[in-house]
Amino acid sequence: MQDLLGLEDLTAREIDELLDLAQALREVVDRPIKKVPTLRGRAVVNLFFEPSTRTRSSFELASKYLSADVINFSGSHSSVQKGETIWDTAQNLTALGVDAVVVRHGTSGVPRQLADLLRVPVINAGDGSHEHPTQGLLDLLTVRQCKGTISGLKVAIVGDVLHSRVARSDLFGFRALGAEVTLVGPPALMPDSFAGPGVRITHNLAEGMRGADVVQVLRIQRERQAGGYIPSLEEYRERWGITRHRLQWADADVVVLHPGPQNRGVEIDSDVLDGESSRVLSQVTNGVAVRMAVLYRLLGGTYDEPR
């Protein structure tokens, strides 16, 4: 693996190996002193052309916990605003000696184009509505910690699948590891092209959640409201919002995930988000471990597991 551009590109074995490594590195995240010399002397640049809190902070901490140096780059405060292309910006930064590029961009395909251009590893931190592979990996890790395995689980992904890069990475990852995936949401936000082996589509929330072991709740992207995909946020909540009552349709030991940021009272109620089934904070912690694992694998780090 030279880059991480999407989970669709990975085999089940490659995904499992990354999850195993992330689980081992999770020990570092839980230490009082979170530092190992694994990537000492390496430099990582975070190229973020979209707003981000969790993902950028998570990549930054992952690099620092592995002792790499980090450059945080914001598209709104750069030469891009003066007319420089993203390709020239990336090449200039790698000419400074950067060893890996983490990129988040609103246009699908930008990470792949950078990977074709640059001689250093490129990590996709989310591109348009294409994929968000490290989010998919941290979701898989969180579920595996709770359930012990992914194979055979029933996973419901609920919400705006059409615009969600998280939904795509989750779909590819869960399906690769043997889970049965159901996509649930409004007809206008549900691409029929996703139907296939191991995947079913429904617009009925009760049907989609029935017996689910995992419910991934997608954010309703308020910025998409102008497109008229749903009549109103109120109607969305009435038909597809995850409430405590509706959660009873799922398995009694259901795991509830949300990639954030959350719209409380729209796609998910607070008593579910803060309830005993929610693993949202575990997702955040696991995100650091997963991104450490990706950096380790792509930059050839060495790590001795704790004795």
Side-chain angles (χ1 to χ4, degrees), residues 1-7 9-44 46 54-70 99-102 120-125 131-153 155 166 169-170 172-174 176-179 213-214 216 255 257 259 279-307:
M1 188 173 74
Q2 297 179 329
D3 307 286
L4 180 64
L5 305 178
L7 295 193
D9 302 326
L10 302 186
T11 66
R13 179 176 179 178
E14 288 174 320
I15 292 173
D16 271 328
E17 287 175 351
L18 282 171
L19 296 181
D20 290 342
L21 181 56
Q23 185 62 53
L25 289 167
R26 172 66 191 259
E27 181 272 339
V28 177
V29 182
D30 294 331
R31 290 180 185 179
I33 299 176
K34 302 170 176 59
K35 204 76 165 180
V36 292
T38 306
L39 297 182
R40 186 166 52 199
R42 300 298 189 97
V44 178
N46 291 328
R54 271 167 295 275
T55 302
R56 188 172 73 172
S57 298
S58 184
F59 268 111
E60 182 175 359
L61 287 173
S63 297
K64 289 181 175 179
Y65 291 169
L66 293 172
S67 298
D69 295 313
V70 185
D99 297 292
V101 173
V102 179
V120 299
V122 173
I123 302 168
N124 181 3
E131 275 212 54
H132 193 348
T134 55
Q135 179 70 47
L137 288 170
L138 72 89
D139 291 340
L140 290 168
L141 180 61
T142 303
V143 172
R144 198 174 74 167
Q145 288 170 346
C146 295
K147 299 293 188 179
T149 184
I150 302 295
S151 181
L153 294 181
V155 179
V166 174
S169 289
D170 274 358
F172 297 137
F174 279 111
L177 297 187
D213 301 292
V214 179
Q216 168 72 292
V255 171
L257 307 176
R279 295 295 181 272
V280 171
L281 294 181
S282 294
Q283 287 177 272
V284 175
T285 305
N286 284 333
V288 180
V290 158
R291 285 153 185 147
M292 289 172 70
V294 171
L295 289 166
Y296 168 99
R297 179 58 51 83
L298 293 179
L299 293 178
T302 57
Y303 175 68
D304 293 325
E305 292 192 28
R307 295 192 176 96

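Scope of the values below: all heavy atoms of this structure, side chains included, with no hydrogens, waters or symmetry mates. Numbers here simply count residues along the sequence, with the first being 1.
- Considering only heavy atoms from C-beta on, Leu5 stays 4.5 Å or farther from Glu131 through its side chain.
- Between the CZ atom in Phe174 and the CG atom in Leu140 there is a gap of 4.5 Å [rounded to 0.5 Å].
- In this structure a side-chain-to-backbone donor-acceptor pair under 3.5 Å is missing from Lys34 to Ala62.
- Proximity of a side-chain donor or acceptor of Thr38 to a complementary backbone N or O of Leu66 within less than 3.5 Å is not detected.
- Among all heavy-atom pairs drawn from Arg144 and Ile150, the shortest one is N-CD1, 3.9 Å.
- Separating the CG atom in Leu141 from the OG1 atom in Thr134 is a distance of 12.0 Å, to the nearest 0.5 Å.
- Taking all atoms of both residues into account, the shortest heavy-atom contact from Leu18 to Ala293 is O-CB, 3.9 Å.
- Within the model, atoms NE2 of His132 and CG of Asp170 stand 10.0 Å from one another, a figure rounded to the nearest 0.5 Å.
- Partners of Ser151 under the side chain to side chain contact (heavy atoms under 4.5 Å, CB included) rule, at least two apart in sequence or in another chain, are Thr149.
- Expressed to the nearest 0.5 Å, how far CG of Leu10 lies from CG of Asp16 amounts to 11.0 Å.
- With contacts defined as side-chain heavy-atom distances shorter than 4.5 Å, the pair Val28/Val288 does not qualify.
- Checking Thr142 against Arg279 by side-chain atom types alone, no donor-acceptor pair falls below 3.5 Å.
- In plain terms, the two heavy atoms of Gly173 and Ile15 that are nearest each other are CA-CD1, 4.3 Å.
- In this structure, Arg42 contributes its side chain and Leu299 its backbone to a donor-acceptor pair below 3.5 Å.
- The distance from the OH atom of Tyr65 to the CD atom of Glu60 is 10.0 Å, given to the nearest 0.5 Å.
- Taking each heavy atom of Ala289 and Ala22 in turn, the nearest pair found is CB-O, 3.5 Å.
- Contact check for Val29 versus Met292: side-chain heavy atoms found under the 4.5 Å cut-off.
- Taking OG of Ser63 as the reference point, atom CG of Asp99 lies at 10.5 Å (rounded to 0.5 Å).
- The closest side-chain heavy-atom distance from Val44 to Phe59 is not below 4.5 Å.
- Across all their heavy atoms, Ala179 and Val155 have their closest contact at CB-CG2, 4.0 Å.
- Closest non-hydrogen pair, Arg291 versus Gln135, comes out as NH2-N, 3.9 Å.
- With hydrogens and angles left out, the side-chain atoms of Asp139 and Gln216 include a donor and acceptor closer than 3.5 Å.
- Of the possible polar contacts, none joining the Asp69 side chain to the Ala43 backbone as a donor-acceptor pair under 3.5 Å is found.
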Notebook entry, point to check: Does the pair Leu19 and Leu137 meet the rule for a side chain to side chain contact (heavy atoms under 4.5 Å, CB included), with working shown?
Noted result: CA-CA 7 Å; Leu19 296 181; Leu137 288 170; 4.2 Å; yes
